[in-house]
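Note sheet for the following structure.
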Amino acid sequence: MVRVRFAPSPTGPLHIGGVRTALFNYLFAKRNGGKMILRIEDTDQTRFVEGAEEYIMESLEWCGIKFDEGIKEGGNYGPYRQSDRREIYNKYAKILIENQSVYMAFDSPEELDKLRSEAEAKGETFVYNHESRKNLKNSLALSKEQVAELLENKTPYVLRFKMPENQLVELYDEIRGEIKFNTQELDDKVLVKTDGLPTYHLANIVDDHLMEITHVIRGEEWLPSLPLHDLLYRAFGWTAPKFAHLPLILKPSGKGKLSKRDGDQLGFPVFPTQWDSGEEIFKGYREEGYFPEAFINMLALLGWNPGTEQEIFSMDELIQVFSLDRVGKSGSRFDPDKTKWFNHQYLIKKSGEELAEEFKVILDEKNINYSGFPLARICEMLKERVNFIHELWEESYFFFQAPETYDEKFLKKSYKEDSTQLLQKLIEILKNQQNFSSEEIENSVKTWIESAEIGFGRVMSPFRLALVGAGKGPHVFDIVEIIGKDESIRRISALIEFVDGK
RNA sequence: GGUCCAUUCGUCUAGGGGUUAGGACGUCAGGUUUUCAUCCUGGUAACAGGGGUUCGAUUCCCCUAUGGACUGCCA
């Protein structure tokens, strides 16, 4: 049984890189009939952020990523919050002490900071490793008596991993293939902090083992800790799960991995849903008007591809075709334009009725009275022209309200000397029109234009101007039908008056 | 600095010892729409560089360059 986990730390909102990691885990699990687990990694109490845990669960739910086990869902492998698993880690830390895979280090953070800055001043980097540990305050370098004394005085200490010397570790990544490390280059990572809580490294190995995780799918930033993790499994005598390290998501412009503030600077959201930090509000895809399906579709194709030319995938379709061996190795820059295109694709797939339901919310906010208007028909008519539902207003306002101003350029271009006269004639025709359907009105008007040999543009352009106030919008006669005879005539008269008064 | 990872059109990517190096977004041009948008057609544009291996490398190997990640009692 495939079991994967998404293991965020609740230090703030989840950005799209994290969402993609969750998505790939989810797709992989579902593709293989496995389980998807949410584990909250909150071993760092100093970075706790109120509301982050709820944010993570809620935003993933919006995305359509569901968990089989987690703090909300429950499950047989809990608790699913690391801060609720302290005793478990203590137990496993003891095993490492007993088999001498770790040692006690009494160096204070201040002492280590000092060593780091001293090294930096010399253009070097301080590393706590097999070399330097011989001269530091730890149970390896100190005598038994000294250690006993430090313990007697209740000197705080951490547990560090005793990295083996000069050992070649050959590892396999499901995406990248073989990766080799020499332990010589690795440092002695802290596994248990002075507060008694484990660091990520220990907690993650213990939990993945206990939760019977079969595949660890995580961001590329974890690749450098892979050898440590593998060595930890060996120290426990456990079999390691399979690993897959996903390529990073880069900023759209410039270099570097996408970060929290890039959105505001570059004008697109970085988070699935809005996040209010108390001081600042970060935009979300949901609030900007993106459909979750479009957002997920875009994310799925960032770093993965199906090997075919299909681009539009529902979540179910993604589950059917997803595989890790089609995940790329190089980081991908995020493209906001393409994300909009995806949204457009999903928007035009929706029916007029569906769109109308959502459009109503926007009309209500604007206090627009739309009763009597065929909203579904209007949405259907205009959906090709927009990327977002909220943009529908900009394309349809003239249905609900008469133009208050006229586009200067279009007025100049379309309103000629005889326009007033032609519009007056047009009013006559509309008045006499019995069947007021788009098609019938068009018939009548065309018959007149043709028989009078006027030329379509000379009538249609001012006509559109009168109805819309600008040179845009759908078929003129559709507008006429929808707003009705009286309103159409009123608008034409208004335009004539406007020009007369000029 | 050190370790590790990566490198195909502007961007996301397909491909893989012999291809006109394919698609999508963007962009540009034409056509349709007597408006605008859509849509259609077409164009633009890429194998980072240098060495090998080979009859032949964009593809395999090495080096260089560039970019990135990591280098915390963070995850």
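Letters go in sequence order (proteins before strands), and every chain restarts at 1.
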Evaluate the criterion side-chain contact (heavy atoms from CB on, under 4.5 Å) for residue pair Leu392(A) and Ile389(A); output intermediate values, then yes/no. CA-CA 5 Å; Leu392(A) 242 23; Ile389(A) 288 183; 4.3 Å; yes
Describe the nucleic acid contact of Ser461(A) in one word from base, sugar-phosphate, nothing, applying a heavy-atom distance below 4.0 Å. nothing
Name the nucleic acid region contacted by Gly473(A), choosing base, sugar-phosphate or nothing; use a 4.0 angstrom heavy-atom cut-off, strictly under. base
Base, sugar-phosphate alone, or nothing: which one does Pro8(A) contact when heavy atoms must sit under 4.0 Å apart? nothing
When all nucleic acid strands are considered with a 4.0 Å heavy-atom cut-off, which category describes Lys180(A): base, sugar-phosphate, or nothing? sugar-phosphate
On RNA chain B, check which nucleotide each of Gly471(A) and Thr339(A) is closest to and give me the residue with the more 5' one. Thr339(A)
What does Ser414(A) touch in the nucleic acid at a heavy-atom separation under 4.0 angstrom: a base, only the sugar-phosphate, or nothing? nothing
Report which part of the nucleic acid Arg176(A) touches: base, sugar-phosphate, or nothing (heavy-atom distance under 4.0 Å, all strands). sugar-phosphate
Rounding to an integer number of angstrom, what distance separates A48(B) and G43(B) when you compare their C1' atoms? 26 Å
If the P atom of G10(B) is compared with that of A46(B), how far apart are they to the nearest Å? 7 Å
Classify the nucleic acid contact of Arg458(A) as base, sugar-phosphate or nothing, counting any heavy atom under 4.0 Å across all strands shown. nothing
What nucleic acid atoms does Gly303(A) come within less than 4.0 Å of, heavy atoms only: base, sugar-phosphate, or nothing? sugar-phosphate
Check whether any side-chain nitrogen or oxygen of Thr43(A) sits under 4.0 Å from OP1 or OP2 of A75(B), and answer yes or no. yes
Please determine if a side-chain N or O atom of Arg326(A) lies less than 4.0 Å away from the OP1 or OP2 oxygen of G15(B). yes
Any base atoms under 4.0 Å from Asp188(A), or only sugar-phosphate, or nothing? Heavy atoms, all strands. nothing
C1'-based separation of A45(B) from A21(B) [nearest Å]: 13 Å
Under the salt bridge (charged side-chain N to carboxylate O under 4.0 Å, His left out) criterion, do Lys340(A) and Glu288(A) qualify, and how do the steps go? CA-CA 11 Å; Lys340(A) 285 185 186 146; Glu288(A) 292 293 293; over 6 Å; no
Paired nucleotide for G42(B) [Watson-Crick or G-U wobble; both distances under 3.5 Å]: C28(B)
Nearest-nucleotide check on RNA chain B, Leu248(A) vs Asp107(A); residue mapping nearer the 5' end is Leu248(A)
Would you tell me whether Asn153(A) and Thr155(A) have side-chain atoms, one donor and one acceptor, within less than 3.5 Å of each other? no
Strand partner of G72(B), provided both Watson-Crick or wobble distances fall under 3.5 Å: none
Can Arg20(A) be said to sit on top of Phe24(A)'s aromatic six-ring, NZ or CZ under 6.0 Å from centre and within 45° of the ring axis? yes
Using purine N1 to pyrimidine N3 plus N6-O4 or O6-N4 for Watson-Crick, or N1-O2 and O6-N3 for G-U wobble, each under 3.5 Å, what pairs with A65(B)? U7(B)
Ring pair (Phe, Tyr, Trp, His ring centres under 6.0 Å) with Tyr285(A): of Phe342(A), Phe271(A), Phe295(A), only one passes, and it is Phe295(A)
Have a look at Phe181(A) and say if it touches a base, only the backbone sugar-phosphate, or nothing, with a 4.0 Å heavy-atom cut-off. sugar-phosphate
Strictly below 4.0 Å: does Lys413(A) bring a side-chain N or O up to OP1 or OP2 of U35(B)? no
C1' spacing across the pair U58(B) / U7(B), given as an integer number of angstrom: 12 Å
Would you say the ring centroid of Tyr406(A) lies under 6.0 angstrom from that of Tyr415(A)? no
Taking only the C1' atom of each, what is the distance from G68(B) to A29(B) in whole angstrom? 38 Å
